Novice: 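Pasting in a structure now, in structure tokens, and then I'll have a few things to ask.
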Amino acid sequence: MPFTLATWNINSVRLRESIVCKLLEEEAPDVLCLQECKSPVDKIPMDQFRALGYTHMVARGQKGYNGVAILSKLPLVDAGGEDYASLGHARHVAATLENGVTIHNFYVPAGGDVPDREVNEKFGQKLDYLTEVRDAFHANRPEKSILVGDLNIAPREDDVWNHKNLLKIVSHTPIEVKHLAETQESGKWVDITRQDIPEGLLYSWWSYRAKDWDEADKGRRLDHVWATSDIANAGHGSRVLRAARGWEKPSDHAPVFATFDL
DNA sequence: ATGACGTATTCTATACGA
């Protein structure tokens with residue numbers, strides 16, 4: 001049975017409960033992975049989501065920051081959440097579907113402003129986080145798995161509005177791209193979005209600070225859908241719901257979708 | 001080059017986002 005999955009950095013699930021419901025009603029993915037819920041798990045507004053058919057949730061949360069959740073119409077089994085780099089943050093959760101597919105939902109650290117770990121501890125934490133994830137996949141090679149989330153790195157030249165201008169901007173520096181590539185390689189992950197849409201500019205995030213985000217279009221592709229190579233050929237139908245960036249009181253991220261025939 | 005905006009908590013200021 002094919003299923004459709006979406007990943008969305010929601011930037012407060014409680015403040016944006018209404019647009020989460022709008023997405024669930026209008027697009028009806030089978031599974032929705034959220035990042036930056038900024039809420040303890042027990043304060044996520046599950047009743048509204050449940051009423052729309054999303055009766056299953058696996059989540060990790062904390063007060064104020066971070067937080068990841070997997071909402072689903074399909075039954076889920078909690079497959080754990082790891083505190084990579086021992087930051088004490090809720091940035092990862094995994095769940096397994098009845099078809100045996102495990103979904104990993106990540107919110108990788110943003111990394112601060114200065115791309116130098118000697119002067120900016122957060123940048124080092126971002127690199128260390130990716131290194132720990134890389135080593136975990138190397139030690140235990142995933143199979144039948146999907147990895148989604150806000151990875152906070154736009155790896156390709158056509159994942160950003162201006163490659164040259166962003167080479168020294170956190171999210172597009174060569175060392176971050178290298179760390180992300182090593183993490184991808186260690187799990188034999190296939191970038192499903194770029195498998196489906198191999199060419200051309202593609203973004204999933206636009207800053208709140210632009211006067212007209214749509215007109216300026218200074219975006220970055222920070223949100224990703226990967227799958228292990230054994231199921232990558234089942235992935236198709238990738239798209240970014242750019243319109244959601246223009247909804248009322250939007251997140252600065254747009255949802256990214258993919259469908260898997262499994 | 002800078003600053004632009006938005007959210008949550010510590011709440012009329014600060015930390016964080018990228």
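Since the structure is predicted, the reported quantities are computational estimates derived from the model, not experimental observations. Labels below follow one simple rule: chain letters A, B, ... track the order of the sequence lines, proteins then strands, and each chain is numbered from 1. No hydrogens, no waters, no symmetry mates; every other heavy atom, side chains included, goes into these values.
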Novice: Which other residues belong to the hydrophobic cluster containing Trp205(A), where Ile, Leu, Val, Met, Phe, Trp and Tyr are joined when side-chain heavy atoms lie under 4.5 Å apart, directly or via other members?
Specialist: Leu222(A)

Novice: Mind checking salt bridge (charged side-chain N to carboxylate O under 4.0 Å, His left out) for Lys22(A) and listing every partner two or more places apart, or none if nothing turns up?
Specialist: Glu26(A)

Novice: Please tabulate, for the side chains in residues 151-158 of chain A, all donor-acceptor contacts under 3.5 angstrom to protein atoms that are two or more places apart in sequence or on a different chain.
Specialist:
residue   : atom : partner   : partner atom : Å
Asn152(A) : ND2  : Val108(A) : O            : 2.7
Arg156(A) : NE   : Asp158(A) : OD1          : 3.0
Arg156(A) : NH2  : Asp158(A) : OD1          : 3.3
Arg156(A) : NH2  : Asp158(A) : OD2          : 2.9
Arg156(A) : NH2  : Pro198(A) : O            : 2.7
Asp158(A) : OD1  : Arg194(A) : NH2          : 3.3
Asp158(A) : OD2  : Gly200(A) : N            : 3.4

Novice: Side-chain atoms of residues 73-81 of chain A: list all donor-acceptor pairs with protein atoms under 3.5 Å, sequence neighbours left out, distances to 0.1 Å.
Specialist:
residue  : atom : partner  : partner atom : Å
Asp78(A) : OD1  : Arg60(A) : NH2          : 3.2
Asp78(A) : OD1  : Gly80(A) : N            : 2.7
Asp78(A) : OD2  : Arg60(A) : NH1          : 3.1
Asp78(A) : OD2  : Arg60(A) : NH2          : 3.3

Novice: What nucleic acid atoms does Tyr107(A) come within less than 4.0 Å of, heavy atoms only: base, sugar-phosphate, or nothing?
Specialist: sugar-phosphate

Novice: Could you identify which residues of residues 239-247 of chain A place a heavy atom less than 4.0 Å from some atom of DNA chain B, listed by residue number, or say none?
Specialist: none

Novice: What pairs of residues pass the ring-ring contact (aromatic ring centres under 6.0 Å, His included) test when at least one of them lies in residues 1-23 of chain A, not counting sequence neighbours?
Specialist: Phe3(A)-Phe260(A)

Novice: Provide the distance between the two C1' atoms, one in dG6(B) and one in dA1(B), to the nearest whole Å.
Specialist: 23 Å

Novice: Which pairs pass side-chain hydrogen bond (donor to acceptor under 3.5 Å, both in side chains) with one or both residues in residues 133-144 of chain A, sequence neighbours excluded?
Specialist: Arg134(A)-Glu182(A)

Novice: Side-chain atoms of residues 38-46 of chain A: list all donor-acceptor pairs with protein atoms under 3.5 Å, sequence neighbours left out, distances to 0.1 Å.
Specialist:
residue  : atom : partner  : partner atom : Å
Lys38(A) : NZ   : Asn11(A) : OD1          : 2.9
Ser39(A) : OG   : Arg14(A) : NE           : 3.3

Novice: Near DNA chain B, under 4.0 Å by heavy atom, which residues of residues 168-185 of chain A?
Specialist: Val170(A), Ser171(A)

Novice: Would you please name every residue forming a side-chain hydrogen bond (donor to acceptor under 3.5 Å, both in side chains) with Asn99(A), sequence neighbours left out?
Specialist: none

Novice: Could I get the full list of salt bridge (charged side-chain N to carboxylate O under 4.0 Å, His left out) partners for Arg50(A), not counting sequence neighbours?
Specialist: Asp47(A)

Novice: Contact boundaries of DNA chain B with chain A (under 4.0 Å, heavy atoms), 5' to 3'?
Specialist: dA4(B) to dA18(B)

Novice: Using side-chain hydrogen bond (donor to acceptor under 3.5 Å, both in side chains) as the criterion, point out the one residue from Asp261(A), Thr259(A), Asp196(A) that pairs with His236(A).
Specialist: Asp261(A)

Novice: Look at all strands and tell whether Lys63(A) reaches a base, only sugar-phosphate, or nothing, counting heavy atoms closer than 4.0 Å.
Specialist: sugar-phosphate

